[in-house]
2 protein chains.
Amino acid sequence: MTDTRPLRADAARNRRLLLAAAADEFAARGLDASVADIARRAGVGKGTVFRHFATKDELIAAILIDRMAALSDLGEALREADDAGAALREFLTAAAMQRQERDLSFLAAASEAMPDVDRARGRMMTAIERLVERAREHGAVRADVTGADVFLLMCAPNYIAGYVPDASPDLWRRYLALILDGLRPEGASPLPEAAPELG
Amino acid sequence: MTDTRPLRADAARNRRLLLAAAADEFAARGLDASVADIARRAGVGKGTVFRHFATKDELIAAILIDRMAALSDLGEALREADDAGAALREFLTAAAMQRQERDLSFLAAASEAMPDVDRARGRMMTAIERLVERAREHGAVRADVTGADVFLLMCAPNYIAGYVPDASPDLWRRYLALILDGLRPEGASPLPEAAPELG
DNA sequence: CACTAACCGGACCGCACGGTCAACTTGCTA
DNA sequence: TAGCAAGTTGACCGTGCGGTCCGGTTAGTG
């Protein structure tokens, strides 16, 4: 944090390789993918992984923070969009497009112990809340749906499609469309149970 | 299979205790819950677990088969129901009510190697397909949704609600309602991507 | 009641994982 | 180009897991 000396060229390169390899490996095998496999995929020794990330959890956190930051950027940019409903759709499509990890429980667990994760999640949550609020005002989504709901629904398309062996890589679009249809206001039956409070 | 001699009284009791303890432990900690913990919760030695189930996977399979059989019974009973839409809703509610495991990937993996699992899954799939077909004919669900879709969506409410730390135990009802609203035919936009083929 | 096959339990094994470390290599700078 | 801090590496460690095994226990039977 306080120490911001730039990385040596090879170290910076390895860090990039590691993040990419880890994202691939996690997408393929889930969060249980071993650090050794990630190192091998990156063409690097296992020790190097722990030089860059003190812990496997920190590596996961770094990836999640990157992704949440990108989505936050998008969400904030979309605040100006003309069509609030289309903006929300675009956001959720982008969220599903970056292969999300299936196991979000890490997010909840890490938020308590890792302030960086918590901050990134908070920023994304407010971006989502703004989008939902605006879409609601424009009558593009049902009145009883909240930002927290959308946050939770964000990964569902990948989760659902992820359990089809040999699925089309775009199968998630089908379930995203289904969920989006569930969000539309026309003829919606009121939702039971209060919306959850997150973070 | 061929050998159907009845279990000794204590063995039968322990088997029941084990299945219950395993279901609890899996629900609480996911499929990674250790066999030792399950044995402890059942008040039994670890060796006893492996006397009843050759492998941890077989224990999981036994639980899954029980649940799928119960759902198949319900699904077949609901074929006679007057309101086809209500029947499908009732089925999905029952499916969510038994705490489903979050990690369905086991199902796909086990189906290939374990014929019992495959058979139970097949029976449940046809029950679901019948319910969906009938609901579709009655105009209670959109035309482009299939049995495979419903099968995949079945566990989503628990998955979504499962990542809220301290959630109300009935929070899944909220997301089930949302998904059911996504299934309704009025004003549905056609689904992209072909429905997956399962099994 | 005595006998035995079925059953139980927990010490034990091998393995794979996350994480450490000390010897070695390399990019930077003066 | 010499010197050194920064970076790399893979052998190594402790831990916790699924699964084994055998000595002791118990439910059923004649």
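Proteins get letters first, then strands, A, B, ... in listed order; numbering begins at 1 in each.
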### Task
To the nearest 0.5 angstrom, please state how far the CZ atom of B:Arg134 sits from the CG atom of B:Leu78.
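Rounded to the nearest 0.5 Å, the CZ-CG separation comes to 9.0 Å.
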Using whole Å, report how far [atom1] of [X] lies from [atom2] of [N].
| X | N | atom1 | atom2 | value |
| --- | --- | --- | --- | --- |
| B:Asp37 | D:dG19 | CG | P | 15 Å |
| A:Arg16 | D:dG7 | CZ | P | 14 Å |
| B:Lys56 | D:dG16 | NZ | P | 15 Å |
| B:Ile38 | C:dG9 | CD1 | C1' | 17 Å |
| B:Phe50 | D:dG19 | CZ | P | 5 Å |
| A:Leu59 | C:dC17 | CG | P | 15 Å |
| A:Leu17 | D:dG7 | CG | C1' | 14 Å |
| B:Arg8 | C:dC7 | CZ | P | 6 Å |

Taking OP1 and OP2 of [N], is either one under 4.0 Å from a side-chain nitrogen or oxygen of [X]?
| X | N | value |
| --- | --- | --- |
| B:Arg51 | C:dC7 | yes |
| A:His52 | D:dG7 | no |
| B:Thr55 | D:dG19 | yes |
| B:Lys46 | C:dG9 | no |
| A:Asn14 | D:dG7 | no |

### Task
Using side-chain contact (heavy atoms from CB on, under 4.5 Å) as the criterion, point out the one residue from B:Leu176, B:Leu92, B:Leu183 that pairs with B:Leu153.
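Only match with B:Leu153 under side-chain contact (heavy atoms from CB on, under 4.5 Å): B:Leu183.
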### Candidates C:dT26, C:dG9, D:dG18 - which lies nearest the side chain of B:Val44
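Out of C:dT26, C:dG9, D:dG18, the nucleotide with an atom closest to B:Val44's side chain is C:dG9.
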### Message
The side chain of A:Val35 is closest to which nucleotide in this list: C:dG9, C:dG18, C:dG27?
### Response
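Nearest to the side-chain atoms of A:Val35, counting from C-beta on, is C:dG18.
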### Message
Is it the case that over 12 heavy atoms from other parts of the model lie below 6.0 angstrom from the CD atom of B:Glu112?
### Response
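Open.
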### Message
Testing the 3.5 Å rule here: is there a donor-acceptor pair between the side chains of B:Asn158 and B:Tyr175?
### Response
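Checked: B:Asn158/B:Tyr175 side chains show no N/O donor-acceptor pair below 3.5 Å.
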### Message
Does B:Ser34 reach a base, just sugar-phosphate, or nothing at all? Heavy atoms under 4.0 Å.
### Response
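Result for B:Ser34 = sugar-phosphate.
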### Task
By nearest nucleotide on DNA chain C, pick out whichever of A:Ala33 and A:Gly47 is the more 5' one.
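Its nearest nucleotide lies further toward 5', so the answer is A:Ala33.
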### Query
Counting distance only, does the side-chain N/O of A:Ser34 pair as donor-acceptor with the main-chain N or O of A:Asp37 below 3.5 Å?
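Yes: the side chain of A:Ser34 pairs with the backbone of A:Asp37.
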### Query
For DNA chain D, whose closest nucleotide is more 5', that of B:Ala36 or that of B:Leu7?
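By nearest-heavy-atom nucleotide position, the 5'-most residue is B:Ala36.
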